[in-house]
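Worth knowing before you read on, the calculation uses all heavy atoms, side chains too, and leaves out hydrogens, waters and symmetry mates.
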Amino acid sequence: MTINEIQKGYCDKRFSVQEIVTEYLERIGRLDGTIGAFLTVCNDSALQKAAELDEKRSRGEEVGPLAGIPVAVKDNICTRGIRTTCASGMLEDFVSPYDATAVKKLKEADAILIGKANLDEFAMGSSTETSAFQTTRNPWDITKVPGGSSGGSAAAVAAGFAPLAIGSDTGGSIRQPSAFCGVVGLKPTYGSVSRYGLVAFASSLDQIGPIAGSVKDCALAFQVLRGQDSNDPTSMHADAAGAPFFPSCLTEQGIQGWKIGLPKECFRQGLHPEIEESVRESARLFERMGATVREVSLPVWDMGMNVYYILSSAEASSNLARYDGIRYGTRAKDYKDLEELMVRTRSEGFGWETKRRILLGTCVLSSGYEHGYYKEALRLREKIREAFRKAFQEYDLLLLPTTPTLPFDIGKQHSDPLEMYLADIHTVPMNIAGVPALSLPCGFSRSGLPIGVQLAAGHFEENKLFSAAFLLEREFGHSGRTIPLERKNGDKDSPQGGKQV
């Protein structure tokens, strides 16, 4: 069910919060052994919170906008009293003493934390295969990856383990798995959601955002999450750009007269033909709604991947330097001196992908390379930002693929980092520019795998994203779809691609 359907059921007294939470926990218990979406399931605390909310409702007390809604939180977002591992052996036993601001806001809205979702280690990856603990599988086809790094969050929503999940997006880590899993994912404007309590990967690119089964649910969650936070100096006031209350923008007023750009750099060799056709069908639907769709050229697009991997790796090298066996994280057991302690701790605690990015980042920051790589990347980032500013002076939205490929086989690209990095080729430019972008389902391949389309807008114009996506979702009819992971008799079953509940 959608968030609205669950809350209507509460109001109509068709079921209690405890009954809903119990159903979700039982489903996770039956089926997550196949999917691997969760690293921690919060059975006791979730049921306790559900009982408290039932008691509040019985007394007629006011409850929050997400009252009784189970939420999965990516395991690189701090949760007080619950493990926050970043899917890394380095933080395997770390229990946060405080809540991230995003988690605090969810709790204030009376949402129920049902579990911590798996991810690529320290959010570095595009398949959720670099986790130190388990590989998450795509609920539509368990031989395929769910995307990454928020693969656990997206898989949890797609599999019906939670109606809402929270992820983080550094270069596409919300949108790419949302496309692979057939759900809706938003990367908000940089600064619109506090990063306080998000374990840092690349601080100038990271952003927390919601993943849900429908555009309306995504908009409602964003309304709860957004806003300025004194603990995060990069955050901005919720009304910085005069944005309205977001669910109110999901109206029937349409997009008549809007101008939508199709970046031609995204429609070249390497794009799967079925994805291209689905995106172009989205463009035709927008035209029938009264919008003007034109091809636009953004030559800076090709700089995006180079700029992203230089800047993100440099910031990762700096941010992860704290895990040295002394201040944070696990500590190697056998060592002779301080230097060996640090070397052995980092060698044993980090996985290969994390080590690769630390090495790359340390290289581009080192003397002799800093000017040629890191500072050059900073210069090019400004060119990319300026190109997006100019584009959104002319166009209301950009329409493009979320991913260049369909969900790929588990293990297929794990040994080829370059192929894996290219999975984010259509998402990283928006992180570099700091603009909001949203992925939503726009069809299925002939093999039954989900296809995602991406919308991007100017800074703090999430209302435009939600308005257009809401209309497109209605045309495609994918709102709230989940996958049948079990037969009607209750026996476990492998997910069947493309079937609708």
Side-chain angles (χ1 to χ4, degrees), residues 1-10 20-21 23-24 27-28 31-32 35 37-38 65-74 106 109 111-115 117 136 138-140 146-147 150-167 169 174-187 209-225 246-247 250 402 407 438-444 448-455 465-466 469-485 495 497-501:
M1 293 186 290
T2 65
I3 291 175
N4 184 63
E5 288 168 342
I6 293 172
Q7 292 183 326
K8 189 175 186 304
Y10 292 151
I20 285 293
V21 172
E23 286 288 340
Y24 276 110
R27 184 172 175 84
I28 292 168
L31 302 172
D32 197 41
I35 302 301
F38 288 98
L66 292 176
I69 302 301
V71 181
V73 174
K74 188 175 180 179
L106 289 170
I112 296 176
L113 175 58
I114 203 167
T136 300
N138 192 318
W140 292 94
S150 305
S153 298
V157 174
F161 296 157
L164 174 66
I166 305 302
D169 193 311
I174 287 175
R175 291 159 289 156
Q176 188 249 17
S178 294
F180 276 12
C181 292
V183 293
V184 180
L186 170 73
K187 183 210 86 71
I211 298 173
S214 71
V215 173
K216 187 173 183 178
D217 286 357
C218 200
L220 178 59
F222 178 61
Q223 177 66 24
V224 169
L225 293 171
F246 278 89
L250 306 180
T402 309
L438 180 146
S439 177
L440 75 154
C442 66
F444 289 86
L449 294 172
I451 296 173
V453 64
Q454 186 177 190
L455 299 171
L465 293 181
F466 290 132
F470 179 70
L471 297 173
L472 196 60
E473 177 185 72
R474 188 181 61 183
E475 293 294 321
F476 282 119
H478 299 314
S479 175
R481 270 176 103 173
T482 55
I483 307 95
L485 295 177
K499 290 189 178 180
Q500 182 178 355
V501 172

| Which is it for Ile20 and Ile112 under the side chain to side chain contact (heavy atoms under 4.5 Å, CB included) test, yes or no, and what are the steps along the way? | CA-CA 11 Å; Ile20 285 293; Ile112 296 176; over 6 Å; no
| task | Could you pull out the closest heavy-atom pair between Leu438 and Ala469, with the gap in Å? | result | CD2-CB, 3.7 Å
| query | Roughly how far, to the nearest 0.5 Å, is the CG atom of Leu186 from the CD1 atom of Ile211? | reply | 10.0 Å
| request: Look at the side chain of Asn138 and the backbone N and O of Pro407, then say whether any donor-acceptor pair between them is shorter than 3.5 Å. | output: no
| request: Grab the two heavy atoms, one from Leu220 and one from Pro65, that are nearest each other, plus how far apart they are. | output: CD2-O, 4.0 Å
| Distance in Å, Gln454 CD paired with Gln176 CD, rounded so as to fall on 0.5 Å steps | 11.0 Å
| Between Ala158 and Trp140, what is the shortest heavy-atom contact and its length? | CB-NE1, 4.4 Å
| request: Would you indicate whether the side-chain heavy atoms of Leu440 and Thr402 approach each other to under 4.5 Å? | output: no
| Of the non-hydrogen atoms in Val21 and Pro70, which two are nearest, and what is the gap between them? | CG2-CG, 4.4 Å
| message | Within the structure provided, determine whether Pro450 and Phe444 are in side-chain contact (heavy-atom separation under 4.5 Å). | response | yes
| query | From Arg474 CZ over to Lys216 NZ, what is the distance, rounded to the nearest 0.5 angstrom? | reply | 13.0 Å
| query | Are any non-hydrogen side-chain atoms of Val71 and Ile166 less than 4.5 angstrom apart? | reply | yes
| query | Heavy-atom distance under 4.5 Å between the side chains of Pro210 and Cys218, does that happen here? | reply | yes
| task | Specify the closest pair of heavy atoms between Thr136 and Ala155, including all atoms of both residues, with the distance to one decimal. | result | CG2-CB, 3.8 Å
| Do Ile69 and Ile6 have side-chain heavy atoms sitting under 4.5 Å apart? | yes
| Heavy atoms, side chains only, cut-off 4.5 Å: are Val184 and Ser178 in contact? | no
| remark: In terms of heavy-atom contacts, Ala179 and Gly452 come closest through CB-CA, 3.8 Å
| task | Would you check if Pro177 and Ser150 make a side-chain contact, meaning some heavy-atom pair closer than 4.5 Å? | result | yes
| said: Counting C-beta onward and ignoring hydrogens, is there a side-chain heavy-atom pair between Phe161 and Ile114 closer than 4.5 Å? | reply: no
| query | Donor-acceptor pair, Asp217 side chain versus Thr2 backbone, under 3.5 Å? | reply | no
| said: Pairing donors with acceptors under 3.5 angstrom, does anything connect the side chains of Ser153 and Lys74? | reply: no
| remark: Interatomic distance, CG@Leu164 vs CD1@Ile3, rounded to 0.5 Å, equals 5.0 Å
| Side-chain donor/acceptor of Arg27 to backbone N/O of Ala159, under 3.5 Å | yes
| field | Stepwise side chain to side chain contact (heavy atoms under 4.5 Å, CB included) test for Leu113 and Leu106 | value | CA-CA 8 Å; Leu113 175 58; Leu106 289 170; over 6 Å; no
